[in-house]
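One structure is given here, and the rest of the page talks about it.
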Amino acid sequence: MRKFVKPVALVCSVLGLIGTAHAGAKFSFDVSVNTASRMATGNMGDARNSADVLQFIGCYTFARRASATYMVCEARDPWGTHGTCSTMDANLIAAVQGIGPASNILFKWDATGECTDVEVRNASLYTPMMP
């Protein structure tokens, strides 16, 4: 019996060391729209998974035959504040084409509603969308 106890104790102690699970870094926050600064930011997944029915954020591209391609970015925060901008700038349009279900988006606009900046971040620390 004694010969059996030592190997079992060793296996249990090793399994106890490797059995510890650690979660990865996670970054979560509500959509934020600041009309004074003309800026909006948020995570696609957090907006989709929020308990309220107001939050959203996203950018859309539109192309038509014999016409220029353009895009629109828009967001609404949990309090109903809405921000939007549009542009035909090819660099900004290229940036929004990288948006995915776990993207973090930040966009800015000028006084005329023209998009001036778009940041798209894709990383494992952003919450993915749930159905």
Side-chain angles (χ1 to χ4, degrees):
M1 182 78 158
R2 202 172 171 117
K3 289 181 183 181
F4 179 72
V5 171
K6 282 186 180 180
V8 169
L10 178 63
V11 168
C12 288
S13 64
V14 169
L15 287 176
L17 291 175
I18 63 173
T20 304
H22 298 282
K26 293 175 182 66
F27 187 64
S28 175
F29 62 94
D30 288 333
V31 172
S32 173
V33 178
N34 186 324
T35 55
S37 299
R38 296 190 293 265
M39 181 181 85
T41 187
N43 295 344
M44 295 279 287
D46 290 326
R48 169 72 180 200
N49 303 337
S50 68
D52 64 76
V53 296
L54 294 175
Q55 289 187 65
F56 70 86
I57 190 164
C59 298
Y60 324 96
T61 57
F62 301 89
R64 292 186 173 81
R65 187 175 56 179
S67 180
T69 301
Y70 70 101
M71 70 157 208
V72 174
C73 289
E74 61 181 328
R76 185 172 61 205
D77 67 20
W79 301 275
T81 306
H82 184 259
T84 188
C85 66
S86 61
T87 189
M88 291 189 291
D89 183 276
N91 290 327
L92 297 180
I93 291 170
V96 303
Q97 290 173 342
I99 293 173
S103 294
N104 173 272
I105 303 168
L106 179 143
F107 63 91
K108 298 177 183 180
W109 61 92
D110 65 18
T112 67
E114 177 86 8
C115 298
T116 59
D117 298 85
V118 174
E119 293 179 21
V120 176
R121 298 179 182 145
N122 293 302
S124 62
L125 53 89
Y126 300 119
T127 307
M129 285 194 275
M130 302 304 285

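Between the side chain of Asn104 and the backbone N or O of Arg121 there is no donor-acceptor pair closer than 3.5 Å. Remark: the backbone N or O of Ala47 is paired with a side-chain donor or acceptor of Ser50 at under 3.5 angstrom. Between the side chain of Arg38 and the backbone N or O of Trp109, at least one donor-acceptor pair lies under 3.5 Å. Within the 3.5 Å criterion, the main-chain N or O of Pro78 finds no donor-acceptor partner in the side chain of Asp52. In this structure, the side chain of Asp77 does not engage the main chain of His82 through any donor-acceptor pair within 3.5 Å.
Contact between Val31 and Ala75 at its shortest, heavy atoms only, is CG1-CB, 4.0 Å. Annotation for Val33 and Ala40: closest pair CG2-CB, 4.1 Å, computed over non-hydrogen atoms. Listed here is the closest heavy atom pair of Phe107 and Cys85: CD1-SG, 3.6 Å. Across all non-hydrogen atoms, the minimal contact from Ser86 to Val72 is CB-CG2, 4.0 Å. Of all non-hydrogen atoms in Gly98 and Asn122, the two that sit nearest each other are O-ND2, 3.0 Å.
Here the CG-OG1 distance, from Asp30 to Thr41, works out to 11.5 Å after rounding to the nearest 0.5 Å. Atom-to-atom distance recorded for Tyr126:OH and Ile105:CD1 is 11.0 Å, nearest 0.5 angstrom. Remark: Phe62 CZ to Ile93 CD1 distance equals 11.0 Å, nearest 0.5 Å. In this structure, OG1 in Thr87 is found 10.5 Å from CG in Asp117, a value given to the nearest 0.5 Å. Atom NZ of residue Lys108 and atom CG of residue Asn34 lie 11.0 Å apart, to the nearest 0.5 angstrom. With values rounded to the nearest 0.5 angstrom, Met71 atom CE is found 10.0 Å from Gln97 atom CD.
Side-chain contact check for Asn43 and Thr127: no donor-acceptor pair (N or O, by modelled atom type) lies under 3.5 Å. No hydrogens or angles considered: nothing links the side chains of Asp110 and Thr116 as a donor-acceptor pair under 3.5 Å.
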Legend entry - side-chain contact (heavy atoms from CB on, under 4.5 Å) assessment of Tyr60 paired with Val96: CA-CA 8 Å; Tyr60 324 96; Val96 303; over 6 Å; no

Inset, instruction - Run the numbers on Thr81 and Thr35 for side-chain contact (heavy atoms from CB on, under 4.5 Å), then give the verdict. - result: CA-CA 8 Å; Thr81 306; Thr35 55; 3.8 Å; yes

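One hydrophobic cluster, built from ILVMFWY side chains closer than 4.5 Å, cannot hold both Leu92 and Tyr70; they sit in different ones.
Proximity of Met44 to Ser103: side-chain heavy atoms (C-beta onward) are separated by under 4.5 Å at one or more points.
With respect to the salt-bridge test (charged N to carboxylate O, under 4.0 angstrom), the residues Arg76 and Glu74 do not qualify.
For a disulfide, the SG atoms of both cysteines must be under 2.5 angstrom apart; this holds for Cys59 and Cys73.
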